[in-house]
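I have placed the structure first, in the form of structure tokens, so that the comments after it can refer back to it.
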Amino acid sequence: MAREIPKAYQPQEIEPKWAEYWVAEELFRADADAPPPVFSIVIPPPNVTGSLHIGHMLDHTEIDIMTRWHRMRGDNTLYLPGMDHAGISTQRVVVRQLAEQGIDYRTLGREEFEKRVWKWKDESGGKITDQMRQIGESCDWSREKFTLSPEMSRVVREAFVRLYEEKLIYRAHYLTNWCPDCLTVLSDLEVVHEERQGHLWHIKYPVADANGAAGGKFVVVATTRPETMLGDTAVAVHPEDERYRDLIGKSVALPLTERVIPIIADEAVEREFGTGAVKITPAHDPNDFEMGRRHHLPEINVMAHDGKMNAAAGAYAGLDRFVARKKIVEDLKAQGLLEKVAEHTHAVGLCERSRTVVEPRASTQWFCKMKPLAEPAIAAVERGEIRIVPDNRREEYFNWMRNIRDWTLSRQLWWGHRIPAWYCEESGHVTVARETPAKCATCGSGNLRQDPDVLDTWFSSGLWPFSTLGWPAKTKDFETYYPTTLLITGYDILFFWVARMIMLGIHFTGAVPFRAVYLHSLVRTGSGEKMSKSKGTGLDPVALNQQYGTDAMRFCLASMAAPGTDIVLSDDRLGGARNFANKIWNAARFLFVNLEKFEQGGTRLEELAAPEIRAQAPYGVAGAVPLRDAWIFARLAATVEQVNDALANYRFHDGAQSVYHFFWGDFCDWYIEWVKPELQSEDKESAIVAWRNLFAVFEAALRLLHPFLPFLTEELWHQFPQRAGAKSIALDRFPEVREIWRNHEALEKFGMIQEIITVVRNIRADMKIDPKKKVAAELSIVDDAERASVEADRDGIVRLGMLTDLKISGARLAGTGGVVRSTAKFDLRVEYTETVDVAGESARIAKDMEGLRKAIGSKEKQLGDETFRSRAPEKVVRALEATLAEQRT
RNA sequence: AGGCCCGUAGCUCAGUUGGUUAGAGCGCGUCCUUGACACGGACGAGGUCUGGGGUUCGAGUCCCCACGGGCCUACCA
């Protein structure tokens, strides 16, 4: 480190340098030939619709923490990056952009439009790549993939053709969800439901005789969508409904039209709802569609693709559906056919992307049969071949999978994988093939036309874990890295993506696509909303990274990422994480600034901190490791184990908290403060031991911190002597606990010293003793071994307690005056010549006593209870007794 | 309609099979410009865990009910 180290850590100066270095040196290139164990993870490919948002930051932080941790533990590690073409979303973005320039995308033609989208993809994709590099993701850029690349297209066609040949993909006329804004059908998942206050219109349909003449009677039907009545082809009642029994088989004259439609009986009709009579519109309602099939009713589609009424709507043709609704209600009212209007709250289906009200509409589409795919996928999770974390998402997965319905695959879009199906213009036959066929497979005609539609974008995403590794070829990558180890993504795409990968993965490869899925929380705004760019509630990660530093952002997210709960990011939290980075920076600053002084005595950094020197720590003076060193290494060991355990269970917040507490609380607040004088000691041997141990702990701490704060730790790691050719801390080892680090005794002993110092400080603060004024103190410890240990570290206690002197004995406190406080293990008296605030002191003592009495009381009561003694485990009883014994003294 | 989750300090949240006086960060109060760090240090005040009932020797932790908030699935027109 140079002499002029800034006092405050400035991530902006440091981060870009390493971000570039990591990419340029290709440090994270995976080697499929490297020995196991393997850790492989594929990125949830971000949509090329714009740039990374704060949700991605969380995703990528967690993935990168896991990746770096595994890599440092020596695993054969692959983090595969890539992006998703995001069919509907990306098309919408470009359509909107064109519209802003006054261009209707349809006038451009398909080919030109696709060109425009590719151009956008390059820009947006480039931006995302830049962002990912900026935030230091340790992925293998040589293996980057894009879901719509020619390579991925081949895989998609392969998968489609296989499923078609297996009769799992089929084309059918069915009722689907239509978005009049996106102008495409949607799968059920892309329709979101929203409770809305609406109306239930009760409409009178005149009963007609066989000739269509009205007989003065009416059947009243209730509907929430009056405009669809123009497409009614029947009225249905329950077969056992007494009210309507004699009308079954008769007809009604459909108002506003010339048509006469039958009254049919079907058990699906709920007698309790509305009037018990239902208008049936097979072309515009899922229930009605089914009923229409059962009763062979005609379908009359009354709406065009853009949500306007079509020619079949007669006088209402050309009107927007909601305008038509209003007009129809008015007309009915005018004709006296509107019986009443009731308030009615119901769930309205909206297009996930455009928020437009989705129109159920019968059309011919491609579908994927899901039940046969779902069964093995359910079984795999049941058998534990895939672990879903957190647990409760497992149930959600099962619920959805067990009730799965067929997947509408085709989309009326231009941006996406074109469906590999060709229609013969002569015979009408369909040819589904991997490559463009020359002639019709059935009749041999060369007059073919490819299906204009594209596939749901999630179809290619569903193949991602194996398409990216070279499947269907048996590549080295596929052999080595599939099944992938872990998938980390948000729970909001459990069904869209995760479930489908599991189904398609098992179906095509015979193996699960990943061994575990960790579903993380979502990042929300302060008011609890899901962050969204469109609502302006999104936070810009680039700006935040700039302001606080990427490391701080990562650490902040990690420390809040408790499984199962959403994250609310705040400036306060980010500031706290930034402060932590600054603390680490300054600890390093302390080391190197002091080292300069020490080096003047002729000792070089190499002798104190070379890798082989560090490996032998902790060092002792004349063979004895000083207590503070034994203690910090024991704490380091415990922390390493806590972090390993936390990360193994995706408990990022626990891991983050452990390292925070260790570095700030133990290392900085106690350890550095304790060794300060040793570092410039006259006694050369002690000084060298202090330096060596300090460097060893600090360097190990950097490696421990690295997965969380990669930039800062990389920067500081390079300030240490490293093995020849060592390029990065990211390729160094995660700290491994050495047996001699573990030291329960040191933890106990140093803990007692900390307690003594804390009591001294307490007294000083309570008595308002001038912090700069040193005072005398006296300590009494009954236990010989404990007393000896404390005596050995008397100097430290004196220094950190700001004492002039500390008398230690095993007898009762000899001196008088001053303030006395007692704990289970020791009594302490601090000289205090001023008048003690008796009232305050006795209030404090009284409060202490009160708490203690309560604690003792409850324990005595418990221990006195025979049922407790006989039923509680012995361990608990003994621990209770031990504490009670202490508290009584 | 069915299912799930949450309600713990002023704020945001931890609290893994029930077990000693319930934790963190921020905020707050007192003191400290001591040469790593004021993005700092020392010390401290704040919760009885939404309410009620139950199981248990023992419950923030398990069960039931109520209230409050959120989410997901769902073709009652």
Side-chain angles (χ1 to χ4, degrees), chain A residues 5 7-9 175 188 193 200 221-225 228 236 268-270 272-275 277-281 285-290 344 346-347 349 360 392-393 395-396 399-400 403 491-492 494-495 522 526 528 530 548 552 556 559-560 562 564-573 575-594 649 651 653-654 657 660-661 668-669 672-673 676 758 761-762 764-766 768 770-772 800 802 851-852 854-856 858-859 862 865-873 875-877 879-884 887:
Chain A
I5 317 161
K7 270 192 171 187
Y9 175 51
L175 197 106
D188 295 334
H193 297 272
L200 196 56
V221 298
T223 179
T224 54
R225 298 186 298 150
T228 62
V269 178
E270 283 290 337
E272 321 306 325
F273 190 87
T275 62
V278 199
K279 58 189 276 307
I280 302 299
T281 323
D285 182 277
N287 281 326
D288 296 2
F289 182 84
E290 295 295 340
H344 182 62
H346 61 132
N392 58 318
R393 302 284 168 201
E395 288 308 311
E396 266 178 40
N399 275 333
W400 188 76
N403 298 306
Y491 62 73
D492 52 332
L494 175 59
F495 307 137
L522 303 182
K530 193 171 162 179
Y548 294 100
C556 182
S559 69
M560 300 185 78
T565 41
D566 290 344
I567 292 178
V568 178
L569 203 57
S570 66
D571 280 327
D572 282 348
R573 276 309 269 252
R578 176 204 53 200
N579 296 354
F580 183 48
N582 187 58
K583 188 74 182 178
I584 299 167
W585 175 260
N586 273 291
R589 197 163 168 267
F590 168 80
L591 258 66
F592 289 100
V593 166
N594 279 278
N649 293 294
R651 299 176 67 82
H653 69 300
D654 278 348
Q657 204 192 331
Y660 184 93
H661 180 257
C668 293
D669 290 347
I672 288 187
E673 290 309 320
K676 267 179 181 173
T758 302
R761 287 170 171 172
N762 275 333
R764 297 187 61 115
D766 288 348
K768 302 209 188 309
D770 179 352
K772 288 175 295 258
L800 296 181
M802 283 298 283
L852 208 54
K854 222 174 91 188
I856 291 173
S858 80
K859 281 194 200 66
Q862 251 191 321
D865 186 336
E866 262 322 302
T867 344
F868 168 72
R869 281 186 171 279
S870 57
R871 297 207 189 161
K875 206 177 81 185
V876 174
V877 178
L880 222 52
E881 282 171 342
T883 319
L884 181 58
Q887 285 171 342

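The sequence lines fix the lettering, A, B, ..., with proteins before strands; numbering per chain opens at 1. Computed over heavy atoms, backbone and side chain alike; hydrogens, waters and symmetry mates excluded.
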Tell me if a side-chain donor or acceptor on [X] pairs with a main-chain N or O of [Y] at a distance below 3.5 Å.
X: Asp492(A); Y: Leu522(A); result: no
X: Asp285(A); Y: Thr281(A); result: no
X: Arg651(A); Y: Ala562(A); result: no

### Row check, Tyr548(A) ring normal vs Arg578(A) NZ/CZ: under 6.0 Å, within 45°
no
### Task
Give the ring-plane orientation class for Trp400(A) versus Phe495(A), where under 30° counts as parallel, over 60° as perpendicular and anything between as tilted.
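Trp400(A) and Phe495(A): parallel rings.
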Under 4.0 Å between any heavy atoms, over every strand shown, what does [X] touch: base, sugar-phosphate, or nothing? Just pick one.
X: Asp669(A); value: sugar-phosphate
X: Glu673(A); value: base
X: Ala577(A); value: nothing

For atom [atom1], what is the distance between [N] and [M], given to the nearest Å?
N: rA24(B); M: rG15(B); atom1: P; answer: 15 Å
N: rA22(B); M: rU50(B); atom1: P; answer: 15 Å
N: rA14(B); M: rC26(B); atom1: C1'; answer: 14 Å
N: rG68(B); M: rG27(B); atom1: C1'; answer: 26 Å
N: rG19(B); M: rU61(B); atom1: P; answer: 11 Å
N: rG2(B); M: rG10(B); atom1: P; answer: 37 Å
N: rU33(B); M: rA38(B); atom1: P; answer: 14 Å
N: rG18(B); M: rC49(B); atom1: C1'; answer: 15 Å

Among [options], which nucleotide sits nearest the side chain of [X]?
X: Arg761(A); options: rU73(B), rU16(B), rA42(B); answer: rA42(B)
X: Thr224(A); options: rC4(B), rA38(B), rA77(B); answer: rA77(B)
X: Asn582(A); options: rG3(B), rA77(B), rC39(B); answer: rC39(B)
X: Ala562(A); options: rA14(B), rG3(B), rA36(B); answer: rA14(B)
X: Glu270(A); options: rA77(B), rC39(B), rA24(B); answer: rA77(B)
X: His193(A); options: rA74(B), rC4(B), rA77(B); answer: rA74(B)
X: Met560(A); options: rU12(B), rC37(B), rC43(B); answer: rU12(B)
X: Arg578(A); options: rC39(B), rG3(B), rC43(B); answer: rC39(B)

Taking atom [atom2] of [N] as reference, at what distance in whole Å does atom [atom1] of [X] sit?
X: Gln657(A); N: rU12(B); atom1: CD; atom2: C1'; value: 14 Å
X: Arg589(A); N: rA38(B); atom1: CZ; atom2: C1'; value: 13 Å
X: Phe495(A); N: rC4(B); atom1: CZ; atom2: C1'; value: 11 Å
X: Trp585(A); N: rA36(B); atom1: CH2; atom2: C1'; value: 12 Å
X: Asn594(A); N: rG35(B); atom1: CG; atom2: P; value: 12 Å
X: Leu591(A); N: rC37(B); atom1: CG; atom2: P; value: 14 Å
X: Glu396(A); N: rC71(B); atom1: CD; atom2: P; value: 13 Å
X: Asp766(A); N: rG44(B); atom1: CG; atom2: C1'; value: 8 Å

### Message
Side chains of Ser570(A) and Met560(A), heavy atoms from C-beta outward: is any pair under 4.5 Å?
### Response
no
### Query
With side chains defined as the heavy atoms from C-beta onward, is the minimum distance between Tyr9(A) and Asn586(A) less than 4.5 Å?
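Answer no - side chains too far apart.
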### Query
Taking O4'-C1'-N9-C4 for purines and O4'-C1'-N1-C2 for pyrimidines, is rG46(B) syn (within 90° of 0) or anti?
syn
### Task
Calculate, to the nearest 0.5 Å, the distance between atoms CZ and OG belonging to Phe580(A) and Ser559(A) respectively.
10.0 Å
### Query
Do Lys583(A) side-chain and rC37(B) base share a donor-acceptor contact under 3.5 Å?
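For Lys583(A), whose side chain was compared with the base of rC37(B), there is a donor-acceptor pair (under 3.5 Å).
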### Message
Checking Asp571(A) against Arg573(A) for the side-chain contact (heavy atoms from CB on, under 4.5 Å) test, could you report, in this order, the C-alpha distance in whole Å, the side-chain angles of both residues, the deciding distance, and whether it holds?
### Response
CA-CA 5 Å; Asp571(A) 280 327; Arg573(A) 276 309 269 252; over 6 Å; no
Might you list the N or O atoms of the protein lying below 3.5 Å from N or O atoms in nucleotides 25-34 of chain B, with each pair's distance?
from	atom 1	to	atom 2	distance (Å)
rC26(B)	O2'	Asp572(A)	OD2	2.8
rU33(B)	OP1	Lys772(A)	NZ	3.3

### Query
Closer to the 5' end of RNA chain B via nearest nucleotide, is it Arg393(A) or Asn762(A)?
Asn762(A)
### Task
Between Phe580(A) and Glu395(A), name the one whose nearest nucleotide on RNA chain B is closer to the 5' end.
Glu395(A)
### Query
So, for Leu800(A) and Arg761(A), which heavy atoms are closest and what is the spacing to 0.1 Å?
O-NE, 3.6 Å
### Task
Look at the side-chain N and O atoms of Lys7(A) and state whether any lies under 4.0 Å from the OP1 or OP2 oxygen of rC37(B).
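Indeed, a polar side-chain atom of Lys7(A) lies that close.
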### Phosphate OP1/OP2 of rG15(B) contacted by Arg651(A) side-chain N/O (<4.0 Å)
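Yes, because at least one side-chain N or O of Arg651(A) sits under 4.0 Å from OP1 or OP2 of rG15(B).
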### Message
Stem list for RNA chain B, please, built from Watson-Crick and G-U wobble pairs under 3.5 Å and keeping only runs of at least 3.
### Response
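Stem list for RNA chain B: B:1-7 with B:67-73, B:10-13 with B:23-26, B:28-32 with B:40-44, B:50-54 with B:62-66.
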### Task
For Asp288(A) and Lys279(A), run salt bridge (charged side-chain N to carboxylate O under 4.0 Å, His left out): C-alpha distance rounded to whole Å, both residues' side-chain angles, the deciding distance at 0.1 Å, then the answer.
CA-CA 8 Å; Asp288(A) 296 2; Lys279(A) 58 189 276 307; 5.5 Å; no
### Query
Between Lys676(A) and Phe590(A), does a side-chain contact (heavy atoms from CB on, under 4.5 Å) hold up when you go through it step by step?
CA-CA 10 Å; Lys676(A) 267 179 181 173; Phe590(A) 168 80; 3.6 Å; yes
